[in-house]
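Note: hydrogens, waters and symmetry copies are ignored here, and every other heavy atom, side chains too, is used. Both ligands and their constituent atoms are indexed starting at 1 by order of listing.
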Amino acid sequence: MKKQSIGVGLIGLGVVAGAVARVLLDKAKVLAEQVDCPIVLRKVKVLEQDLTRPQALEMDSQLFTTDEDEFFAEPEIDIIVEAIGNENPALEYLKRAISSGKHVVTSNKEVIAKHGAELLALAQQHKVGLRYEASVGGGIPLVAPFQYDLVANNISGIYAIINGTTNYILTRMAKDGMDFFLARNRAQQLGYAEANPENDIEGIDAAYKLAILASLAFHSQVRPEDVYCEGISRLDSRDFQYAREFGFAIKLLAIAKQSDNLIETRVHPVFIPEDSLLAKIDDVYNAILVEGDLVGKVLFIGEGAGALPSSSAIVADIVSAAQDIAFGAGSGVRWKLQPGKVIKPMSDIETRYYLRMNVADRSGVLAQISKVLGDHLISISSVLQKMVDSVSQTAEIVIMTHPAKEAAMQQALEEVTRLPVVNEISNFIRVEE
Ligand code: HSE
């Protein structure tokens, strides 16, 4: 029998969930046209403190419950939307929703990155859909393109700016010469950073998102712990100055590559050519460059966070689930794991490197450093010497290398640090061309 309406239950009433509730009301007519029946918000599971939020005051108070048993027992709910973030209790809520036969929609990158495969298996067992378009890149379509439009491709690489907060900070450091702390405080004042800004700054947020994208792209389970991760707090305004001199920009890139069943995933600051497309993505914008054997290069750009862009993705997932319910289409299967793929150890990757070090300003220093690099088969492509301090007789040396193995570079850095003429290795940054 044709359903009279499709019911939605919302968990959370933060800014994103509030925007979803508003869109479901404001766009009720156009959304109903796409499903041939109304999509109706039936219940919102809130915490006591959510009830004083501006979003709550705009809504019918009958919709709210603080009691999770009451929420899950609501018979009119077909689709449960989780928008509370963090691993717990979101994971338990999603499992409970799926196990009770509800389709689920989530924006939770941490839960999907850590438990996506397990939730997917549970959803397949219960013949419901698990949708998570808003978990990566806010409103930028990424999950659906990997599940549908790009599925015939062998994806060789993903190069992504997928954390708006760090991209904002790096843009301010590069364009306004701000130091890291000032730029980070500005990002926090503007409300860009996560509740725990370390997740943004240390690359953890980007690592969750990369794990989700790489899992989809390579049809393999890539876990957050498989992603090598370094943040941006070591960057100094001088690194930006030198990057410019060498013709590069500095970005926090999330990189995933696949070749011969070996998967490489890493998040860290990189030098990228200043005339490349990704170098021009500034402020809180996200951009995801995908390389496939059939499609070639495809670039997705947009606002990677925020209430409205995220609501765009979440409501699209709700409509897609509602269409499956209304028209009986789809099996809920959107992604199948292929066995046999292996994560490449970070020590095996190969890139060029930028090194900045403080050294004694006297003869033979460069020769000692280049001997160590040479002993590890690391070839130098250019050298700059700047910031000579005649009082302390020190100088700053900047070295760009040709491609070298990470393991060799780490060994060489250890030995260079031990040279008496080297005061410190101030920074080293990988180069991606
Ligand atoms: N903190 C994230 C960012 C928000 O800066 O991109 C969305 O995941």
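Note: Tyr354 and Tyr242 have tilted aromatic rings, judged against thresholds of 30 and 60 degrees for the angle between ring planes.
Using a 4.0 Å cut-off to heavy atoms of Asp200, the atoms of ligand 1 that qualify are 1 (N), 2 (C), 3 (C), 5 (O). Counting atoms of ligand 1 from 1 in the listed order, those under 4.0 Å from a heavy atom of Lys109 are 7 (C), 8 (O). Within the listing of ligand 1, atoms 4 (C), 7 (C) sit less than 4.0 angstrom from a heavy atom of Ala305. The ligand atoms of ligand 1 that sit less than 4.0 angstrom from a heavy atom of Thr165 are 1 (N), 3 (C), 5 (O).
Of the N or O atoms in Gly164, one or more lie within a sub-3.5 Å distance of an N or O in ligand 1.
Across Leu94 and Val104, no two heavy atoms sit closer than the pair CD2-CB, 4.1 Å. In plain terms, the two heavy atoms of His402 and Ile380 that are nearest each other are CD2-O, 3.7 Å.
In this structure, the salt bridge (charged side-chain N to carboxylate O under 4.0 Å, His left out) partners of Glu87, at least two apart in sequence or on a different chain, are Lys114.
Only side-chain heavy atoms of Asp205 come within less than 4.0 Å of ligand 1; its backbone N, CA, C and O stay farther off. Contacts of Asn163 with ligand 1, taken as heavy-atom pairs under 4.0 Å, involve both backbone and side chain.
A salt bridge links Arg356 with Asp239: the distance from a Lys NZ or Arg NE/NH1/NH2 to an Asp or Glu carboxylate oxygen falls below 4.0 Å.
For the pair Arg96 and Asp69, the minimum side-chain heavy-atom distance is below 4.5 Å.
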